[in-house]
Amino acid sequence: MAAAQRRGRRIMMSPAEVDAFLTEQRTCRVATVSPDGAPHVSALWFAWDGTSLWLYSITRSRRWSELRRDPRIAVVVDAGEEYGDLRGVELSGNAVFVGEAPRTGTPCPELDEPERLFARKNFGLGSMPHDGRHGWLRLTPEAVVSWDFRKLAER
């Protein structure tokens, strides 16, 4: 269960709004911790299953090796161009590696739904293509913070 948001309640999204937002957005920014403690941020496509954020990462990436060493992760998904249209969600917790790495398509029931969602959302396909270079990370958030500046105009 994610920790309750304590600040910005006036502009925070409801759980249904967070779910809809994460379902429709495509790109997130992933923050990991480098060996020297410095943050490292990179962009990825993702899928949201209503409970967890699923990231399909290159297994030879800096992000992958940093998460192998330290699974702490923060992810931001945001949208909007003008100040009054800004909205987003930050999710944080620990990354979990799921399935074979790199992924070649060996059956893994836990990946059936994330791969279906990811393939449809990002490739317009009914099943996931595997290139033998990527692997799955699951973030079931311990904390979720959201904002929707469009709510400021409602008051």
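Looking at residues two or more places apart in sequence or on another chain, you find no salt bridge (charged side-chain N to carboxylate O under 4.0 Å, His left out) involving R69. The salt bridge (charged side-chain N to carboxylate O under 4.0 Å, His left out) check on R60 picks up nothing, with sequence neighbours excluded. A search for salt bridge (charged side-chain N to carboxylate O under 4.0 Å, His left out) contacts involving E17 returns K151, not counting sequence neighbours.
Put simply, CG on D70 and CZ on R72 are 4.0 Å apart, with the number rounded to the nearest 0.5 Å. Expressed to the nearest 0.5 Å, how far CZ of R150 lies from CD of E82 amounts to 13.5 Å. Separating the CZ atom in F46 from the CG atom in L117 is a distance of 11.0 Å, to the nearest 0.5 Å. Note: E24 CD to D19 CG = 10.5 Å, rounded to the nearest 0.5 Å. Taking NE2 of H40 as the start and OG of S65 as the end, the distance is 9.0 Å to the nearest 0.5 Å. Within the model, atoms CE of M13 and CH2 of W147 stand 7.5 Å from one another, a figure rounded to the nearest 0.5 Å.
Side-chain contact between L67 and S57 is absent, with no heavy atoms from C-beta onward closer than 4.5 Å. Here the side chains of L44 and R63 are in contact, with some heavy-atom distance below 4.5 Å. A 4.5 Å side-chain heavy-atom check between V96 and T140 finds every atom pair outside the cut-off.
Contacts classified as ring pair (Phe, Tyr, Trp, His ring centres under 6.0 Å) and involving residues 93-112 (residues at least two apart or in different chains) are given here: W64-F97. A side chain to side chain donor-acceptor pair (under 3.5 Å) check over residues 83-98, counting only residues at least two apart or in different chains, returns the pairs N94-E142. For residues 114-126, the set of pairs meeting the side chain to side chain donor-acceptor pair (under 3.5 Å) definition, not counting sequence neighbours, comprises R26-N122, R103-E115, E113-R116, E115-W136.
Formation of a donor-acceptor pair under 3.5 Å by the E66 side chain with backbone atoms of P35 is not found in this model. S146 places no side-chain N or O within donor-acceptor distance of the main-chain N or O of V18, the cut-off being under 3.5 Å.
Residue V144 is grouped with residue F21 when hydrophobic side chains (ILVMFWY) are merged at heavy-atom distances under 4.5 angstrom, including chains of intermediate members. W45 and I58 fall into different hydrophobic clusters, defined by Ile, Leu, Val, Met, Phe, Trp and Tyr side-chain heavy atoms under 4.5 Å apart, directly or through other members.
Shown here for A31 and V41, the closest heavy-atom pair between the two residues is CB-CG2, 4.1 Å. For the residue pair A47 and P114, the shortest heavy atom distance occurs at CB-O, 4.2 Å. Scanning both residues, L111 and G99, for their nearest heavy atoms gives CD1-CA, 4.1 Å. What you find for A101 and R68 is that their closest heavy atoms are CB-NH2, 4.5 Å. In terms of heavy atoms, G135 sits closest to T59 at N-CG2, 3.5 Å. Nearest heavy atoms, P141 versus T51: CD-O, 3.5 Å.
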Verdict with supporting geometry, I73 and V30, side-chain contact (heavy atoms from CB on, under 4.5 Å) | CA-CA 7 Å; I73 186 171; V30 178; 3.5 Å; yes
side-chain contact (heavy atoms from CB on, under 4.5 Å) assessment of D78 paired with L86 = CA-CA 7 Å; D78 60 345; L86 297 177; over 6 Å; no
Criterion side-chain contact (heavy atoms from CB on, under 4.5 Å) on F118 and W54, from CA distance to verdict | CA-CA 8 Å; F118 193 93; W54 292 87; 5.9 Å; no
Please report the C-alpha distance between L91 and W48 in whole Å, then the side-chain angles of each, then the deciding distance to 0.1 Å, and finally whether the side-chain contact (heavy atoms from CB on, under 4.5 Å) criterion is met.
-> CA-CA 12 Å; L91 309 102; W48 171 252; 4.0 Å; yes
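Remark: the S34 side chain and the R62 side chain contain an N/O donor-acceptor pair separated by less than 3.5 Å.
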